[in-house]
Every structure is written in C-alpha cells, then in structure tokens.
Novice: 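This structure is in structure tokens; I'll ask about it shortly.
Just so it is clear: chains get the letters A, B, ... in the order the sequence lines come, proteins before strands, and each one is counted from 1. As the structure is a computational prediction, the values presented were derived from the model and not from experiment.
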Number of protein chains: 2
Amino acid sequence: MPTMMKLLLVEDDEAIAVGLEYSLSQEGFEVVICNDAASALDKITSQDFDFAIIDISLPDGNGFDVCKKLKEKGDTPVIFLTARDDEGSVVMGLDMGADDYITKPFRLRELHSRIRAVLRRANKLSEDHIINIGGLTVNLAEGKVKKNGREVFLTALEYRLLLTLISNRGQVLTRDQLLQSIWDVSGDFVNDNTLTVYIKRLREKIEDDPQNPTIIKTVRGIGYRV
Amino acid sequence: MPTMMKLLLVEDDEAIAVGLEYSLSQEGFEVVICNDAASALDKITSQDFDFAIIDISLPDGNGFDVCKKLKEKGDTPVIFLTARDDEGSVVMGLDMGADDYITKPFRLRELHSRIRAVLRRANKLSEDHIINIGGLTVNLAEGKVKKNGREVFLTALEYRLLLTLISNRGQVLTRDQLLQSIWDVSGDFVNDNTLTVYIKRLREKIEDDPQNPTIIKTVRGIGYRV
DNA sequence: TAATTATATCATAAAAAGATTACCGCCTTA
DNA sequence: TAAGGCGGTAATCTTTTTATGATATAATTA
C-alpha cells in the first residue's frame, strides 16, 4: 500500500497557501498548512513530515526556526520561499540547512521539479512512493511513469489526470469531480468532451490494449475508476 | 560513479575566497573553504582532499603547517598563494613539499592551468574523475571533453553548462536553475532564450545527431536533463 | 427495435514552448 | 588595427500540447 508523502507548508499568505495546497495535493502530496511559525513548530512536535516548504517572512518571527527544528528532529528536506530581493535571507537559509530556495513569484512546475530534485538528493525516495498497477509504475517523487518497464512520457495534464485517478484508487470519480480537480472549473466552462479525450489519450499511453482498458475503467453514467 | 575532485582552499581574504570558490566550483571542483590555519588543520583530520590551495600569510600562523600536515597524511598536492614580494616564503614553501606557487594578483586562467599541471604531475588523475556518457568523455580534472575519442573544444560557458548538467545527472534541471547556476541570475535578467541557444550550441558539439539529442534531453515545460 | 443517451474516436485549430538562424558588440590576439 | 572567437539578443520556424467540434460506436430504455 503506497503512502503519500506528507508535506508541511508554512505560508501566511492565504491565497498562495490555498493555491499551493491544491497544486501539491494534485501531485500526490498530503499537505498540512500552517500560517505562522508558532503553529508550525507545534505541528512538528506531534507529526512527522517527509518534506517542508517554508516562507521565510512569516508574521511571527521568521521561518528559520521552523527549518531548524525540522532539521533537528529528522533532517527533513526544506525548501524556502523568498522574495526576489532577499539575498541575505537566502544565504542564511541555506546555512541553516535548507535544501533549496525559490523566489516568488514562481511557476508551479518549477516548484514541483525542485521538490523532486531535493527529495532525490535527500534520498527520501523509497518504495513507499511508487505505485504499481497492472504493469504501470508511477514514481510520485520523481514524476516518472513506466509501462512494462519502459518509460512513458505524459504531458502535464495527462500526469495530473492519472494522479487524481490513482490517488483515489478503487473509488469512482465523477466526470465533474475530474473536471474540477484538473481544470479547476465545473463542467460549464470546459467542454465536457475534453475529459473524454484526455482519458483516451492516457489510455493510449498506459494501457496494454487501449480498446479494452484494464487500468482506467469507465463507469457509465458516472465517471471513471482506477 | 564519478566523484568530483575535492579541493581545500585556505584563504583569509573573504573576497578572494568567495571568488575562487565560485570559479573553481565551475571548473568541477568541490571546494571547502577555511579562513585560518587552525580550522584547516581541523578539516584535514576529518576529511580527505585531492588538492589544496593555501595562502601563506594566514592570520593565525602561516600556511606551512597546513601544507606539512597534508603531505604527511596523503601526499596531497598543494599550491601556495603568496604576495609578490615574498621570495623567502616561496622557497620555504617549496622546501616543504609544495608543488607550485602563484603570486597575487593572479589571473584565474593561470591558476586553473597550474592546478591541472600539478594534478597531472601528481598522477592524481584517476578514472574517478572521468565521466562517460554515450560516447562523451568529460575529464573533470583536466577540463577536457572528448566525443567518440576526438577532443571537443567547448567555450567556458558551454563547459559550465555541461558540468552543471552532468553533475546532476538523471534529474531534471529547470531553466531557472540552469540560468542561476551558469549566469548567476534569475530569468528576469538574462534573456530566457539565451539558455536555449547555449543548449543548442552544446548539442551541436557533443551529440551524434544534434537534432535528436541523446545526451541532453529536453523535458518540456520544465527544463533539461542529462 | 428505434430512439436516446453516453462515451469513444478522429481531425484540426489555437496557443505555448522550444529550436534554429542570423546578427551585433566586445574582447583577445596576431 | 584587423580577424576571429565568444557571449548575448531578436526574429522566425517547428514541434508539442491543449482544447474543441464533428462523427462514430456502444449501452440503455421506451
């Protein structure tokens, strides 16, 4: 049974926090949000995290303390978020043991890729984060997908769709749920057929026989299930 | 798995130290800095170095002790940095087993070529410092690159780019990471396309078929990977 | 079974990302 | 000081991705 990576996100800006949480959960992380250093420190004592993203400029003191504690406790990998012009903090952060930093504003893809890099370096990639379904292997941390041992290249959206499906393995996801989780809108705004087309393309890439899918199954009238 | 050469830099002048570290790391060395003899001696006990650059005039005593210890421990090659008018020290340093010396101020190229010369003489060039990828051979110590046995001449930037890529082999480096590590700035300051152009130039020189690169692979939406 | 509805397939337009080419200015070196 | 290499930019071309409409097929039900 694969476990999701548990991620601590310390960010006081509500908008950013919510956006990141959404995006990261799509990537297969279980996200815990704190909006200040105090509550983060609190969380750390009671829970273990595989990874942390910390905004340096927090309302109550800076994020360095959080980083320090994480490092002391279990050498948890940390990425700092900083403002563009905050060079000093960056140096200090890296001194403190941070594994990487990324300046705001950033692109989500960039962040995801850095997270993977850091995780890889930290050797946190274990069997736990590899999912195996009918010859299909999804490495959540590296973002790589293999079919029968051969690497398959998915586009960004295809990957997201697959991830949404397998992270809800066993349960049927409605078309609308899928639309919302991947395009962030309900069926009214995106052509309903778009989802169908993406499912087809995904099957084309990961199924042995796309005409008779064994991984992504159609549940007529409702949606799809893995 | 090829290892980078590990270099000990003992220099009290902060500006010089930082500059050298940067430049040497670009050349493929892993650089450890100490700003005084004491901490250098300390480092030597706990770590092994392939090479050392030592400023003779250190705040706490001179660099000779450091040299002596390095020679005793593992006959590590040493280059001394000296002031122009310090003839006596030079003689003493060479007596002590130093392999070369260079007077300040010096040009980086000069230093690099001396380092290579010393390493060559000291026979420290081992398989360890040679990376081999699909017909491409990179000799980290000599700074030479060969493609299918024939030497390829890269410009300074091309070499840095290649080095950054291969020293993170297997993982995707984002465009921004590459820009940062090679131009030391984020995407806002250097034309984003510049990276693309350099990748192309590099491919032109090291790929069998630049149109279908097998060494430097593009990961659309993120960056490049070796 | 015909009509209806849901899903699958195909083809293609629009947009985005990257590759390619050509060019310019600067510095080195002869 | 002229020639050539290097670093960087701009404009253009190519490829890939994303999204949609049209049509075909399969399942459901009146």
Novice: A:Asp208: what forms a salt bridge (Lys or Arg N to Asp or Glu O under 4.0 Å) with it, not counting sequence neighbours?
Specialist: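 For A:Asp208, the residues satisfying salt bridge (Lys or Arg N to Asp or Glu O under 4.0 Å) (neighbours in sequence not counted) are A:Lys147.
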Novice: Rounding to an integer number of Å, can you tell me how far A:Leu161 CG sits from D:dT17 C1'?
Specialist: 15 Å
Novice: Tell me whether A:Lys205 is salt-bridged to A:Glu158, with the criterion being a basic N under 4.0 Å from an acidic carboxylate O.
Specialist: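 Here A:Lys205 pairs with A:Glu158 in a salt bridge, since their nearest N and O are under 4.0 Å apart.
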Novice: Rounded to the nearest 0.5 Å, how far does SG of A:Cys34 lie from CD1 of A:Ile54?
Specialist: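 It is 10.0 Å, given to the nearest 0.5 Å.
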Novice: Atom CG of A:Leu179 and atom P of D:dT18: how far apart are they, to the nearest Å?
Specialist: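 Nearest whole value for this atom pair: 15 Å.
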Novice: How about A:Asn191 and A:Leu179: do any of their side-chain heavy atoms sit closer than 4.5 Å?
Specialist: no
Novice: Atom pairs, N/O to N/O, protein against nucleotides 24-30 of chain D, distance under 3.5 Å?
Specialist:
none

Novice: Whole-Å distance between D:dA19 P and A:Ile199 CD1?
Specialist: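 Taking atom P of D:dA19 as the reference, CD1 of A:Ile199 is at 14 Å.
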Novice: Check step by step if side chain to side chain donor-acceptor pair (under 3.5 Å) holds for A:Arg201 and A:Thr155.
Specialist: CA-CA 10 Å; A:Arg201 285 213 283 256; A:Thr155 71; over 6 Å; no
Novice: Under 4.0 Å: is that the gap between some side-chain N or O of A:Arg203 and OP1 or OP2 of C:dT9?
Specialist: no
Novice: Are OP1 or OP2 of C:dA8 and a side-chain N or O of A:Tyr224 less than 4.0 angstrom apart?
Specialist: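 It does, given that an N or O in the side chain of A:Tyr224 lies less than 4.0 Å from OP1 or OP2 of C:dA8.
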Novice: How close or far is atom C1' of C:dA19 from atom CG of B:Asn212, stated in whole angstroms?
Specialist: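 Computing the B:Asn212:CG to C:dA19:C1' distance gives 12 Å.
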Novice: Rounding to an integer number of Å, can you tell me how far B:Arg175 CZ sits from C:dA19 P?
Specialist: 7 Å
Novice: Just how far, in rounded Å, is P of C:dA8 from NZ of A:Lys217?
Specialist: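 Computing the A:Lys217:NZ to C:dA8:P distance gives 14 Å.
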Novice: Given C:dA17, is OP1 or OP2 found less than 4.0 Å from the side-chain N or O atoms of B:Thr218?
Specialist: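 Indeed not, no polar side-chain atom of B:Thr218 lies that close.
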Novice: Can you tell me how far CZ of B:Arg160 sits from CG of B:Leu202, rounded to the nearest 0.5 angstrom?
Specialist: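 Here the interatomic distance stands at 13.5 Å.
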Novice: Can you check the A:Leu178 CG to C:dT7 P distance for me, whole Å?
Specialist: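 My rounded result for the distance is 12 Å.
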Novice: Could you pick out which residue, A:Thr196 or B:Thr196, lies toward the 5' side of DNA chain C when each is mapped onto its nearest nucleotide?
Specialist: A:Thr196
Novice: Could you tell me if the side chain of A:Val31 sits less than 4.5 Å from the side chain of A:Tyr22, heavy atoms only?
Specialist: no
Novice: Can you check whether A:Leu24 reaches A:Ile53 side chain to side chain, under 4.5 Å on heavy atoms?
Specialist: yes
Novice: Specify the separation, in whole Å, of atom OH of A:Tyr159 and atom P of D:dT17.
Specialist: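 After rounding, the gap between these two atoms is 16 Å.
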Novice: Tell me whether the side-chain N/O atoms of B:Gln211 come closer than 4.0 Å to OP1 or OP2 in C:dT20.
Specialist: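 Answer yes for this pair, as a side-chain N or O of B:Gln211 is under 4.0 Å from OP1 or OP2.
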Novice: Polar-atom pairs under 3.5 Å, protein N or O versus N or O of nucleotides 6-9 of chain D: list them with distances, or write none.
Specialist:
unit_1 : atom_1 : unit_2   : atom_2 : d
D:dG7  : OP2    : B:Thr155 : OG1    : 2.7
D:dG8  : OP2    : B:Trp183 : NE1    : 2.6
D:dG8  : O6     : B:Arg201 : NH2    : 2.6
D:dT9  : OP2    : B:Asn191 : N      : 3.3
D:dT9  : OP2    : B:Thr194 : OG1    : 2.9

Novice: Distance check, rounded to the nearest 0.5 Å: B:Ile215 atom CD1 versus B:Leu165 atom CG?
Specialist: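 Atom-to-atom, B:Ile215:CD1 and B:Leu165:CG are 11.0 Å apart.
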